[in-house]
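A short worksheet on the structure shown next.
Just so you know, ligand 1 is whichever comes first in the structure, and atom 1 is the first atom listed for that ligand.
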Amino acid sequence: MGSVQIVTTILAAAITAVAVWLAVRAVMKMTAVIRLGQPAPERFGDKGARTKKMLVETAGHTRMLKWSVVGAAHWFVMVGFIVLSLLVLEAYFEVVTPGGGLPIIGHWTIFGLATEWIGILGLAGILVLMGIRLRNRPTRPGGRSRFTGSTMWQGYFVEWVVLLVLIFGFVIRGFKVATDHFEYPVWATPLSHAVGAVLPAWAAGVSVAALIKIAISMTWLIVISLNVTMGVAWHRFLAFPNIFFKREPEKAAGSGLGPLRPMMSDGKPLDFEEADPEKDQFGVAQVEQFTWKGLLDFSTCTECGRCQSQCPAWNTGKPLSPKLLVLSLRDHAYAKAPYLLAGGGKDLTGEEKATAAQLAHVDVLALAEAEKPLIGTAEEGGVIDPDVLWSCTTCGACVEQCPVDIEHVDHIVDMRRYQVLIESSFPSEAGVMLRNLENKGNPWGAPQNTREDWTKGLGFEVPRVGEVDDFEYLFWVGCAGAFEDRAKKTTRAVATLLNEAGVSFAILGEGETCSGDPARRIGNEFVFQMLAQQNVETLNEAFEGREKSKRKIVATCPHCFNTLGNEYGQLGGEFEVVHHTQLLAHLVSAGKLTPVQPVDGGVTYHDPCYLGRHNRVFAAPREVLGDSIQGELTEMPRNSERSFCCGAGGARMWMEEKIGKRINVDRVEEAMATGAKTIAVGCPFCSTMLNDGVNGKGAGEQVEVVDVASVLLRSVKPDAPAGEKETESVAG
Ligand code: SF4
Ligand code: SF4
């Protein structure tokens, strides 16, 4: 070992020792913070499915590849990071001696070949990512981007480290070539040989370059260890467990967001008959009341802003950004952690748990952080502003786009639950809806005995469950479908089409109440449970003696469709639920309904969030529309998984939209820009919102918003009475 190698070896060992010590300390700190969360025992089931999902999502980059160029570039950088870590390890042999290399595999040509090309593609990948970050920097001319609010220096730092580590990998190899210490052939390692051709034959160069590579890598480790909230770096490690512990790992990729997480206390679903707010946790009022998976979510956020770029609230000037919400919760959790780890925290009656002695040595900043209300305005020092919390439509775009499977919607609803159930603090205008649900079983407060009014004048009998036993489908009409004038036309169109196709169906009539979706999304789990239990009982009775595959329900409202199909199972109601567009698509393809008259003027289709993104029903409505117009749909730029919300989900239908641009107007402008004369929808709430948007733009005469079922009915029965169509509904 020469004198240069003695120095390089000592320096490499010293910086590595410091970095490893800091990294161990950082990992222990992060683990301690994440463990502050509540139990989530359901996250440990089905380890096989979890492992498979984690491998598919990470190795296959199934989420990132939706952003194809970024996804491909990131894939090479990720693979480069994992594989080329071996080359950082190899650098420790190279600081000792210029001819050093990894034992055994370091002599394999295949290893040289693989690392060479992964290095080259990694270089290309990181340059692409750097270009994209620069092009989308928030300070660029043109305003906000998905990186607005992200800690930009951290992203630049990580990218430069990757770039320099890759470059120095080739410099080391180049010096080895130049000094004849390199054993891989030119065909396997062309770039290394090209670099070697321009470098001097300086034997110490290998060890010096290896030291620089180690120093860059260890500087990175030191910086991220001193910044445990630096998700852009830590996600390289945390993404794996975060995806492993995701909810519903057994679901196939792209099978929807699934049910909302039940209200949990101490790792168990809350039973309202026995629940006690002084002993049981009602939603989330303190950051440590999220589960450990929630705290892991917050720690894993890469600040990439994909969620933000798709969020309807953020895109229309509301204060909510799912990314900024996650970052606020993360920063608050880590800032409050010293107080919590010292034994601090409030019990469920609001009393301090720690003694004065326990808190005596806690940093004042942590004590001040602990005093912040989780939900509160800027003046109150709140972590999350109420306007942020109540702006969410639960559209699921953030969850859909997040590359590391962060579950924003569950966290938002958990915070809403505490605000509604304990603080009674929510937008006051939604109070009427909640009262109507409790007292009348529907959000409009309509008399229950008018639930069947839509059947009048149909020209055929609509049977009720109990009057017939052998119905194939139970037609779940929904509150909008029963009481709201425009939606009633969809209900009548569906009934007419089912009758035309010879499908045996029956309705619950006055036996039906609201599915509970608006109550659940606003956070009133108590009212949801009350309504859902009643419905589950009614439905179980209606299907008594039938196996699950024969307990078929067709629903026109995607919110009912989602709640009955995905959430009633939590209360013992197992049904086969289809959306009316799915059943209609089946009936058309089976030849039971025949579109005859093409619907002209151009049709575009708006994907309802709870049908599309939440339940992956993208094809069926498009098939029905394609058959009806006997041609191609005109798609909006934001469609299918990336469809833009109408603004009504998450009980926003019942709240005023006072901040920013109206979401429905934004969507209507996009729909109208297609030039289509018909905007087809598959949801009564979308119908209301988009109709309001069209009318607000004074375009009611030129553009019509109409349900897919009505479009089909016009094509199947061009002479059907106007009452079965929705032509007059725009004005109405
Ligand atoms: S669910 Fe939709 S509205 Fe809510 S934060 Fe996510 S993207 Fe925004
Ligand atoms: S929450 Fe997910 S999508 Fe949003 S910034 Fe963080 S990592 Fe990206």
Numbering the atoms of ligand 2 from 1, which are under 4.0 Å from a heavy atom of [X]?
{"X": "Lys323", "value": "5 (S)"}
{"X": "Thr302", "value": "6 (Fe), 7 (S), 8 (Fe)"}
{"X": "Val404", "value": "7 (S)"}

Which residue and non-hydrogen atom of the protein lie closest to [atom], and at what distance in Å?
{"atom": "atom 8 (Fe) of ligand 2", "value": "Cys304 SG, 2.3 Å"}
{"atom": "atom 5 (S) of ligand 1", "value": "Leu320 CD2, 3.6 Å"}
{"atom": "atom 1 (S) of ligand 2", "value": "His408 NE2, 3.1 Å"}
{"atom": "atom 4 (Fe) of ligand 2", "value": "Cys307 SG, 2.2 Å"}
{"atom": "atom 2 (Fe) of ligand 1", "value": "Cys395 SG, 2.3 Å"}

Atoms in ligand 1 flagged as close to [X], the criterion being non-hydrogen separation under 4.0 Å:
{"X": "Thr394", "value": "1 (S), 4 (Fe)"}
{"X": "Val409", "value": "1 (S)"}
{"X": "Thr393", "value": "3 (S), 4 (Fe)"}

Exactly one of Arg638, Arg642, Arg622 clears salt bridge (Lys or Arg N to Asp or Glu O under 4.0 Å) with Asp607, and that residue is Arg622

Strictly by modelled atom types, are [X] and [Y] linked by a side-chain donor-acceptor pair under 3.5 Å?
{"X": "Asn664", "Y": "Asn691", "value": "no"}
{"X": "Asn315", "Y": "Lys661", "value": "no"}
{"X": "Arg261", "Y": "Thr291", "value": "no"}

Is ligand 2 less than 4.0 angstrom away from at least one heavy atom of [X]?
{"X": "Glu303", "result": "yes"}
{"X": "His235", "result": "no"}
{"X": "Gly305", "result": "yes"}

Residue-level breakdown please: for Ile406 versus ligand 2, do any non-hydrogen atoms fall below 4.0 Å on the side chain, on the backbone, on both, or on neither?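 The answer is the side chain.
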
Counting only heavy atoms, which portion of Thr300 has something under 4.0 Å from ligand 2: side chain, backbone, both, or neither?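 None of Thr300 does.
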
Can Lys53 and Asp46 be counted as an ion pair, charged N to O under 4.0 angstrom? no

Around atom CZ of Phe526, are there more than 12 heavy atoms from other residues, nucleotides or ligands closer than 6.0 Å?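 Counting other residues, nucleotides and ligands, CZ of Phe526 stays at 12 neighbours or fewer.
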
Is it true that atom NZ of Lys52 has more than 12 heavy atoms of other residues, nucleotides or ligands lying nearer than 6.0 Å? no

Looking at Arg137, Lys323, Gln308, which one forms a side-chain hydrogen bond (donor to acceptor under 3.5 Å, both in side chains) with Ser150? Lys323

Do Tyr610 and Phe685 have their ring centres less than 6.0 Å from each other?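 Here the rings of Phe685 and Tyr610 have centres that are no less than 6.0 Å from each other.
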
Tell me if a side-chain donor or acceptor on Arg417 pairs with a main-chain N or O of Gly523 at a distance below 3.5 Å.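 Between the backbone of Gly523 and the side chain of Arg417 there is no qualifying donor-acceptor contact (under 3.5 Å).
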
Let me check your reading of the structure: within less than 2.8 Å of atom 6 (Fe) of ligand 2, is there an N/O/S atom from Cys301?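 It does; at least one qualifying atom falls short of 2.8 Å.
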
Cys311 backbone or side-chain N/O/S under 2.8 Å from atom 8 (Fe) of ligand 1: yes

Parallel, tilted or perpendicular: rings of Phe528 and Tyr568 (30°, 60°):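 Geometry flag for Phe528 against Tyr568: tilted rings.
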
Considering all heavy atoms of both residues, which atom of His614 and which atom of Cys395 are nearest to each other, and what is their separation?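 In terms of heavy atoms, the two residues are closest at NE2-O, 3.3 Å.
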
My understanding is that we take every heavy atom of each candidate and find the minimum distance to atom 7 (S) of ligand 1. Doing that for Gly396, Cys398, Cys392, which one comes out nearest? Cys398

